[in-house]
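Everything on this sheet refers to the single structure shown next.
These figures come from a predicted structure and were not determined experimentally.
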Amino acid sequence: MTFIKVTLLVIIIAFFSVKLSWAHPGFHFGWGGHHGGISFGLSPQFYQFSCPQANDIVMSVLEKAIAKDMRMAASLLRLHFHDCFVQGCDASILLDDSTRIVSEKNSGPNKNSVRGFEVIDEIKSRLEEACPQTVSCADILALAARGSTVLSGGPNWELPLGRRDSKTASLRGSNKNIPPPNATIETLITFFKRQGLDEVDLVALSGAHTIGVARCATFKQRLYNQKGNNQPDENLEKSFYFDLKTMCPKSGGDNFISPLDFGSPRMFDNTYFKLILRGKGLLNSDEVLLVGNVKETRKLVKKYAQDESLFFEQFSMSMIKMGNLRPLTGFNGEVRKNCRIVN
């Protein structure tokens, strides 16, 4: 009789666990943040029952958007970075100004710079039709970043999901926590450590600059006044320096753009690291990974330049690590109906 009772109890617990998982597919018994004995954690299977087509919908929108605008892949990847470095990966960057919100879109690193919001809007609209109020905007940013990497020829990775959306934004945090393009190696390490990311993550995630472009304003100092003496950065390879001068004048032209990786600007590969070794890293924050007198970062630049698969492997791990920064889970935050406004 005792054996039968125990067996029945196990069956009942399993039944209610499955019911709970179907209704709330982020509920787990054993890991993640806790609330009343039930724990909540990120899981690649988070939408397995509630919205199994979520990634397919994201990819279908991305394919069209990137085919129309090749810069979009890098823009969406950057959105995820600029989101996670402020309040954690909570889609706070997507919120527009309102009576309750001072938008992060107006911060120094973001204003007239971050883009891709319309693509996120379209993904959200499609997901709301298929699975109303189920897939968070924070998870859409993470899925779009991975999808953009894959569609550009880069690695794929198993992406933990289950983030919820913030009800707040932080303009101050956006101004304070996103590394500037003219950063020294010491500054970069400090900014990344603030997020719990180390030097390996710094170099691997900087490899996202293998796609995308930068505005003249972000590297003009290197061309004309690197050390306050009206001289260019001595680390710039000469022909590269002259090429950049032709499209980035000393006065004006701040919004002219140049590829971050002119060797293969549309392909996610390791050319970015090869260019750094040749003095052809576009931003100061790129070049200092090699010349900033930090042995670990210099060693990694050389390793990733030699071994693309090693770069891909570490980039995937570092993206997962960054994507896990202070997520809202369980009963925290919300799932926004519209990514631009709180419910």
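Atom-to-atom distance recorded for Ser43:OG and Gln48:CD is 8.0 Å, nearest 0.5 angstrom. The NZ atom of Lys302 sits 13.0 Å away from atom CG of Leu289, with the distance rounded to the nearest 0.5 Å. Here Phe315 contributes atom CZ and Asp201 contributes atom CG; the two are 11.0 Å apart, rounded to the nearest 0.5 Å. Taking CD from Glu287 and CG from Leu275, the interatomic distance works out to 9.5 Å, rounded to the nearest 0.5 Å. Interatomic distance, Asn177 CG to Glu104 CD, rounded to the nearest 0.5 Å: 9.5 Å. Distance CG/Asp121 to CG/Leu94: 8.0 Å, rounded to 0.5 Å.
Considering all non-hydrogen atoms of both residues, Ser60 and Arg126 come closest at OG-NH2, 3.2 Å. Across Ser316 and Trp157, no two heavy atoms sit closer than the pair OG-CE3, 3.7 Å. Among all heavy-atom pairs drawn from Ala305 and Asn270, the shortest one is O-ND2, 3.0 Å. Shown here for Leu42 and Pro327, the closest heavy-atom pair between the two residues is CD1-CG, 3.9 Å. Looking at every heavy atom in both residues, Ala91 comes nearest to Leu141 through CA-CD1, 3.9 Å. Pairing each heavy atom of Phe81 with each of Ala208, the nearest pair is CZ-CB, 4.1 Å.
Cluster annotation: Leu282 and Val301 are assigned to distinct hydrophobic clusters (Ile/Leu/Val/Met/Phe/Trp/Tyr, side-chain heavy-atom contacts under 4.5 Å, transitive). No path of Ile, Leu, Val, Met, Phe, Trp and Tyr side chains, each step under 4.5 Å between heavy atoms, connects Leu310 with Met317, placing them in separate hydrophobic clusters. Hydrophobic clustering keeps Phe312 apart from Val150 (ILVMFWY residues linked when any side-chain heavy atoms are closer than 4.5 Å, directly or through intermediates). There is a path of hydrophobic side-chain contacts, each under 4.5 Å, that joins Leu62 to Leu159. Following chains of ILVMFWY side-chain contacts shorter than 4.5 Å, one can reach Phe192 starting from Ile320, so the two form part of one hydrophobic cluster.
Thr210 places no side-chain N or O within donor-acceptor distance of the main-chain N or O of Phe268, the cut-off being under 3.5 Å. Side-chain atoms of Thr190 come within 3.5 Å of backbone N or O of Glu186 as a donor-acceptor pair. When atom types are taken as modelled, the side chain of Asn225 and the backbone of Asn229 share a donor-acceptor pair closer than 3.5 angstrom. A donor-acceptor distance shorter than 3.5 angstrom exists from the side chain of Glu237 to the backbone of Phe240, with no hydrogens or angles considered. Under a 3.5 Å cut-off, the side chain of Arg163 and the backbone N or O of Pro160 do form a donor-acceptor pair. Under the 3.5 Å distance criterion, the side-chain polar atoms of Asn110 are left unmatched by any main-chain donor or acceptor of Ser107. No donor-acceptor distance shorter than 3.5 angstrom exists from the side chain of Ser148 to the backbone of Ala145, with no hydrogens or angles considered. Counting only distance, with no hydrogens or angles, the side chain of Asp165 and the backbone of Arg336 share a donor-acceptor pair below 3.5 Å. With Asn175 contributing its side chain and Gly108 its backbone, the two residues share a donor-acceptor pair below 3.5 Å. A donor-acceptor pair under 3.5 Å is formed between the side chain of Thr184 and the backbone N or O of Thr187.
More than 12 heavy atoms of other residues, nucleotides or ligands sit less than 6.0 Å from atom CZ of Arg115. Heavy-atom contacts from other residues, nucleotides or ligands closer than 6.0 Å to CZ of Arg172 number 12 or fewer. In this structure, Arg100 places its CZ atom where only 12 or fewer heavy-atom neighbours from other residues, nucleotides or ligands lie under 6.0 Å away. The environment of CG in Asp307 is crowded: more than 12 heavy-atom neighbours from other residues, nucleotides or ligands sit within 6.0 Å. For Lys303, the NZ atom is loosely surrounded, since the number of other residues' heavy atoms within 6.0 Å does not exceed 12. Around CD of Glu158, the count of heavy atoms belonging to other residues, nucleotides or ligands within 6.0 Å does not exceed 12.
In this structure, Gln221 and Asn284 have side chains that are not in contact, with every pair of non-hydrogen atoms separated by 4.5 Å or more. Side-chain atoms of Leu328 and Glu334, non-hydrogen and from C-beta on, never get closer than 4.5 Å to each other. Residues Thr168 and Ser92 fail the side-chain proximity criterion, which asks for heavy atoms closer than 4.5 Å. At least one side-chain heavy atom of Leu127 sits under 4.5 Å from a side-chain heavy atom of Cys51. Side-chain contact between Asn182 and Thr218 is absent, with no heavy atoms from C-beta onward closer than 4.5 Å. Side-chain contact check for Pro232 versus Gln226: every heavy-atom pair is 4.5 Å or farther apart. When side chains are defined from C-beta on, Pro181 does not count as touching Phe219, because their heavy atoms never get closer than 4.5 Å. Taking 4.5 Å as the limit, some side-chain heavy atom of Leu188 sits within range of a side-chain heavy atom of Ser285.
Leu95 belongs to a hydrophobic cluster whose other members, connected by ILVMFWY side-chain contacts under 4.5 Å either directly or through intermediates, are Ile101, Val342. When hydrophobic residues (I, L, V, M, F, W, Y) are linked wherever their side-chain heavy atoms come within less than 4.5 Å, the members clustered with Ile257 are Val213.
The pair Lys220-Asp254 meets the salt-bridge criterion, with a side-chain N (NZ, NE, NH1 or NH2) lying under 4.0 Å from an Asp/Glu carboxylate O. The residues Glu296 and Lys299 are annotated as salt-bridged, a charged nitrogen and a carboxylate oxygen being separated by less than 4.0 angstrom. Of the charged side-chain nitrogens involved, none lies within less than 4.0 Å of a carboxylate oxygen, so that Lys167 and Asp90 do not count as a salt-bridged pair. Lys193 and Asp198 are not joined by a salt bridge, as no carboxylate oxygen comes within less than 4.0 angstrom of a charged side-chain nitrogen.
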Is there a side chain to side chain donor-acceptor pair (under 3.5 Å) between Arg340 and Ser98 once you walk through the steps? CA-CA 10 Å; Arg340 293 174 181 264; Ser98 70; over 6 Å; no
Mind running side chain to side chain contact (heavy atoms under 4.5 Å, CB included) on Arg78 and Ser113 for me, showing each step along the way? CA-CA 10 Å; Arg78 186 165 179 251; Ser113 178; 2.8 Å; yes
Quick one, Glu128 with Asn338, criterion side chain to side chain contact (heavy atoms under 4.5 Å, CB included). Give me CA distance, side-chain angles, the key distance, then yes/no. CA-CA 9 Å; Glu128 284 298 306; Asn338 178 336; over 6 Å; no
Check the pair Leu260 / Ile211 against side chain to side chain contact (heavy atoms under 4.5 Å, CB included), numbers first and verdict last. CA-CA 7 Å; Leu260 287 155; Ile211 55 176; over 6 Å; no
Going through the checks in order, is the side chain to side chain contact (heavy atoms under 4.5 Å, CB included) test met by Lys337 and Lys124? CA-CA 8 Å; Lys337 299 174 187 176; Lys124 182 60 174 174; 5.6 Å; no
Derivation of the ring pair (Phe, Tyr, Trp, His ring centres under 6.0 Å) call for Phe191 and Phe85: CA-CA 9 Å; Phe191 272 67; Phe85 267 65; 8.2 Å; no
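Side chains of Asp96 and Ser103: no donor on one and acceptor on the other come within 3.5 Å. In this structure, a donor-acceptor pair under 3.5 Å is present between the side chains of Tyr272 and Asp286.
A side-chain hydrogen bond (donor to acceptor under 3.5 Å, both in side chains) with Tyr47 is found for one member of Thr134, Asp139, Asn55 and no other, namely Asp139.
Ring planes of Tyr304 and Phe311: tilted class, angle from 30 to 60°.
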